[in-house]
Amino acid sequence: MTATTAEHDAMRRALALALRGPRGVNPQVGAVLLSPEGHVIAEGWHRGAGTPHAEVAALSQLESGAARGATAIVTLEPCNHHGRTGPCAEALLEAGVARVVYAIDDPNPGSSGGAERLRAAGVEVESGVLADEAHALLDSWLTVQRLGRPHVTVKWAQTLDGRAAAADGTSQWITGAPARADVHRRRAQADAIVVGTGTLLADDPALTARAEDGSLLPAQPLPVVLGERAVPGDAAVRRHPLGFVQYPGDLGAALTDLRDRGVHRVFVEGGPAVAASFVRERVADEFLVYVAPALLGGDMLALRDIGVTSIGEAVRLTLTDVERLGDDLLLVASPAIEGDT
Ligand code: AOF
Ligand code: ZN
């Protein structure tokens with residue numbers, strides 16, 4: 001039996017509940033329990049590492065026995081491991097849940113297998129309900145699980161002819177205020193902002209996420225500087241509330257270190273050389289390209305050499321969104337095959 005309308009609605013609710021949890025080393029997960037008649041009898045969400053999982057949080061809302069015959073709607077496959085908390089698959093079985101509907105499989109080898117465990121015990125299990133939405137919610141956590149590195153967004157602003165600076169190197173304010181405000185909103189979603197030493201020395205960016213009135217947004221990503229050149233003593237980034245980290249080389253090692261610091265979402269604003277290095281190393285999951293209706297001509301391209309010499313080697317992307325921001329355009333694109341540019 002595929003999922004019912006009530007189950008779809010409950011999954012939507014579970015996704016909203018998941019968002020109440022913090023973004024951190026653990027995924028954001030939501031759960032809703034439906035009575036056999038399809039009424040919501042309990043809700044729960046995961047409140048971060050070390051706290052009960054969403055399913056257990058929902059079950060704890062009920063008197064013992066009240067979940068017998070119920071359907072559990074969960075945004076992630078119930079776990080099957082003894083981690084910081086007991087396995088959710090066992091908790092659901094003990095509570096007498098008859099049916100489990102979840103959105104996406106748990107990619108973590110240490111905790112996956114809950115679906116099989118439940119089926120083996122005679123529980124009906126459905127998966128894939130609102131899977132796209134659950135993927136979108138967990139994209140950075142899924143990237144860390146699958147690829148062992150943070151999810152990477154590479155952003156640049158360019159003119160209509162693909163230039164990011166004028167011949168003299170000046171590059172600030174290619175796009176207008178609405179596009180810049182959009183960048184700040186998206187920066188604030190990231191755990192780290194990356195720039196190269198070239199951009200740092202040329203623009204002296206503060207690398208803070210700010211509101212339209214210039215005030216600091218509550219969530220600040222960690223500033224990351226890539227490259228060997230020294231950060232000047234009076235650089236604006238030195239006044240960042242979180243300080244900054246610098247990696248002289250090896251992008252892979254930098255991303256692994258950032259992952260180990262709990263960074264799941266990296267926002268690369270680095271300039272044409274840094275952007276190109278992420279593309280060359282195939283570690284860019286999403287591109288945000290802000291396009292201003294202006295022309296600069298010349299050689300100051302938005303992206304340096306990415307190792308493509310022939311058209312057949314072009315890095316093909318899928319356009320996932322187009323937005324108009326004032327006079328500018330935002331194009332959002334991802335590698336044609338996820339995680340494998
Ligand atoms: C679920 N429901 O609500 C969550 C799950 O450190 P632990 O013990 O909390 O385990 C974390 C792992 O459990 C995490 O990496 C992911 O695979 C799964 N998270 N599973 O059934 C939940 N948050
Ligand atoms: Zn669990």
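Starting from 1, each residue takes its place in the sequence as its number. Just so you know, ligand 1 is whichever comes first in the structure, and atom 1 is the first atom listed for that ligand. Keep in mind that the numbers below use all heavy atoms, side chains included, and drop hydrogens, waters and symmetry copies.
Between S111 and ligand 1, at least one N/O pair is under 3.5 Å apart.
For atom 10 (O) of ligand 1, the candidate residues are Q28, H81, H46, R47; the nearest heavy-atom contact is made by H81. Atom 19 (N) of ligand 1 has its nearest heavy-atom neighbour, among P27, C79, A58, in P27.
In this view, R238 satisfies the side-chain hydrogen bond (donor to acceptor under 3.5 Å, both in side chains) rule with no residue, not counting sequence neighbours.
Between D285 and R149, at least one side-chain nitrogen of the basic residue sits less than 4.0 Å from a carboxylate oxygen of the acidic one, meeting the salt-bridge criterion.
Residue W141 approaches ligand 1 through these ligand atoms, each under 4.0 Å from one of its heavy atoms: 14 (C), 15 (O), 16 (C), 17 (O). Proximity to D106 (heavy-atom distance under 4.0 Å) selects the following atoms of ligand 1: 16 (C), 17 (O), 18 (C).
Y290 and I174 end up in different hydrophobic clusters when Ile, Leu, Val, Met, Phe, Trp and Tyr side chains are linked at under 4.5 Å.
In terms of distance to the Zn ion (ligand 2), the nearest N, O or S atom of H53 is named ND1.
Annotation: ring pair (Phe, Tyr, Trp, His ring centres under 6.0 Å) contacts involving residues 215-256, sequence neighbours excluded, are absent.
For CZ of R280, the number of neighbouring non-hydrogen atoms (other residues, nucleotides, ligands) closer than 6.0 Å is greater than 12.
In this pair, H53 and H46 present their aromatic rings perpendicular. The plane angle is above 60°, beyond the 30 to 60° band.
Counting heavy atoms closer than 4.0 Å to ligand 1, residue A54 contributes atoms from both its backbone and its side chain. Residue contacts with ligand 1, taken as heavy atom pairs separated by less than 4.0 Å, involve E77 solely via the backbone atoms N, CA, C and O. Residue contacts with ligand 1, taken as heavy atom pairs separated by less than 4.0 Å, do not involve Y102 at all.
Seen from the Zn ion (ligand 2), atom SG on C79 and atom SG on C88 lie at an angle near 120° (rounded to 10 degrees).
Residue contact annotation: P78 has a non-hydrogen atom under 4.0 Å from ligand 1.
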